[in-house]
Amino acid sequence: MWRKALAVLALGALVACSSGPPPTPRGAENVAVNRYLWAASLDVLSFLPVETADPFTGVITTGFGTPPGSGRAYRATIQVSDPAMDARSLNVSLLTRNGPVAAETQRAVEDAILSRARQLRIADGAL
């Protein structure tokens with residue numbers, strides 16, 4: 001929960017510091033990434049400690065963390081590359097301490113993020 005609050009505060013601080021035109025009422029239009037994919041990535045991978053999160057480039061990097069009920073530590077780099085809510089806009093790279101994860105594991109995490117993004121979009125009434 002605190003990660004989401006930190007991301008919102010960071011986004012607000014960056015928008016407030018910009019020297020361009022004033023932000024639009026919702027503020028998300030200044031960011032070149034899909035806000036639902038961004039929030040879903042942070043939500044699904046909330047067990048990983050966020051090291052950096054840049055909503056303007058769409059890159060989130062995490063440290064190693066262990067999911068509940070597992071003994072294996074993972075690290076992730078997520079890139080949301082487009083404002084469209086599309087699978088092509090999401091790029092997830094997962095690593096364990098021994099190297100890259102299996103393709104099935106990576107696909108499952110991507111699917112979980114996309115599913116959560118759809119849930120957030122529906123809950124927001126954006127459909």
Side-chain angles (χ1 to χ4, degrees):
M1 186 69 157
W2 62 271
R3 287 185 184 105
K4 291 179 194 174
L6 180 62
V8 169
L9 286 174
L11 178 60
L14 289 172
V15 170
C17 292
S18 69
S19 61
T24 56
R26 292 177 70 181
E29 289 77 10
N30 291 331
V31 179
V33 300
N34 184 281
R35 67 183 177 147
Y36 300 110
L37 290 173
W38 179 266
S41 297
L42 290 172
D43 193 25
V44 168
L45 298 172
S46 63
F47 64 91
L48 297 175
V50 175
E51 289 183 350
T52 62
D54 185 354
F56 296 98
T57 61
V59 177
I60 302 168
T61 58
T62 70
F64 282 99
T66 305
S70 175
R72 179 174 279 181
Y74 295 93
R75 176 184 183 146
T77 301
I78 303 100
Q79 182 179 22
V80 181
S81 60
D82 196 90
M85 192 165 135
D86 188 276
R88 292 173 289 192
S89 301
L90 179 66
N91 185 11
V92 178
S93 174
L94 287 173
L95 297 171
T96 64
R97 296 193 191 273
N98 297 327
V101 299
E104 301 84 34
T105 304
Q106 188 157 322
R107 169 78 96 195
V109 170
E110 289 172 353
D111 289 345
I113 291 171
L114 291 167
S115 293
R116 181 66 182 139
R118 281 191 288 278
Q119 291 171 351
L120 292 172
R121 185 174 176 194
I122 290 168
D124 195 24
L127 277 182

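Reckoned from all heavy atoms, side chains included, excluding hydrogens, waters and symmetry mates. Quick caveat: nothing in here was measured; it's all calculated off a predicted structure.
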Enquirer: Nearest heavy-atom pair of Leu94 and Ala76: which atoms, and what distance?
Expert: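 Closest heavy-atom pair between Leu94 and Ala76: CD2-CB, 3.5 Å.
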Enquirer: Could you state whether Val50 and Phe47 fall into the same hydrophobic cluster, counting links through intermediate Ile, Leu, Val, Met, Phe, Trp or Tyr residues with side-chain heavy atoms under 4.5 angstrom apart?
Expert: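 As far as the 4.5 Å side-chain criterion goes, Phe47 and Val50 are connected within one cluster.
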Enquirer: Would you list the atom pairs, donor with acceptor, under 3.5 Å between side chains in residues 82-92 and any protein atom, with sequence neighbours excluded?
Expert:
residue, atom, partner, partner atom, Å
Asp82, OD2, Ala84, N, 2.8
Asp86, OD1, Arg88, N, 2.8
Asp86, OD1, Arg88, NE, 2.9
Asp86, OD2, Arg88, NH2, 3.2
Ser89, OG, Ala84, O, 2.9

Enquirer: Is the terminal nitrogen or CZ of Arg118 (NZ for Lys, CZ for Arg) located under 6.0 angstrom from the six-membered ring centre of Tyr36 and within 45° of that ring's axis?
Expert: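 Relative to the ring axis of Tyr36, which defines the angle, Arg118 lies outside at least one limit.
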Enquirer: Would you sort out whether Tyr74 and Val101 count as a side-chain contact (heavy atoms from CB on, under 4.5 Å), showing the intermediate values?
Expert: CA-CA 9 Å; Tyr74 295 93; Val101 299; 3.6 Å; yes
Enquirer: Is there a side-chain contact between Ile60 and Trp38, using heavy atoms and a 4.5 Å cut-off?
Expert: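 The answer is yes; the side chains approach within 4.5 Å.
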Enquirer: When you compare the side chains of Thr77 and Thr61, does any donor N or O come within less than 3.5 Å of an acceptor on the partner?
Expert: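 No, because no side-chain N or O of Thr77 sits under 3.5 Å from a partner of the opposite role on Thr61.
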Enquirer: How many angstroms lie between atom CD1 of Ile113 and atom CG of Asp43, to the nearest 0.5 angstrom?
Expert: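 So the CD1 of Ile113 and the CG of Asp43 are separated by 10.0 Å.
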Enquirer: Rounded to the nearest 0.5 Å, what's the gap from CD on Gln106 to CG on Leu95? Could you check?
Expert: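 Nearest 0.5 Å value for the CD-CG distance: 8.5 Å.
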Enquirer: Once you round to the nearest 0.5 Å, how far does CG of Asp124 lie from CD of Gln119?
Expert: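 Those atoms lie 13.5 Å apart.
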Enquirer: Could you pull out the closest heavy-atom pair between Pro55 and Val33, with the gap in Å?
Expert: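 Closest approach of Pro55 to Val33: O-CG2, 3.5 Å.
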Enquirer: Do you know which two heavy atoms are closest between Ala117 and Leu37, and how far apart they sit?
Expert: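 Shortest heavy-atom separation between Ala117 and Leu37 comes out as CB-CD2, 3.7 Å.
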Enquirer: Following the transitive rule for hydrophobic clusters with a side-chain heavy-atom cut-off under 4.5 Å over Ile, Leu, Val, Met, Phe, Trp and Tyr, establish whether Leu42 and Val59 coincide in one cluster.
Expert: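 Leu42 and Val59: separate clusters.
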Enquirer: Any heavy-atom pair between the side chains of Arg75 and Glu51 that's under 4.5 Å?
Expert: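 Touching, per the 4.5 Å side-chain cut-off.
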Enquirer: Report yes if some heavy atom in the side chain of Val109 is under 4.5 Å from a heavy atom in the side chain of Leu45; otherwise report no.
Expert: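 When only atoms from C-beta onward are counted, Leu45 and Val109 do touch, with a gap below 4.5 Å.
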Enquirer: To the nearest 0.5 angstrom, please state how far the OG atom of Ser41 sits from the CG atom of Leu48.
Expert: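 Rounded to the nearest 0.5 Å, the OG-CG separation comes out at 11.0 Å.
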Enquirer: Nearest 0.5 angstrom please: Glu110 CD to Thr105 OG1, how far?
Expert: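 Going from the CD atom of Glu110 to the OG1 atom of Thr105 covers 11.0 Å.
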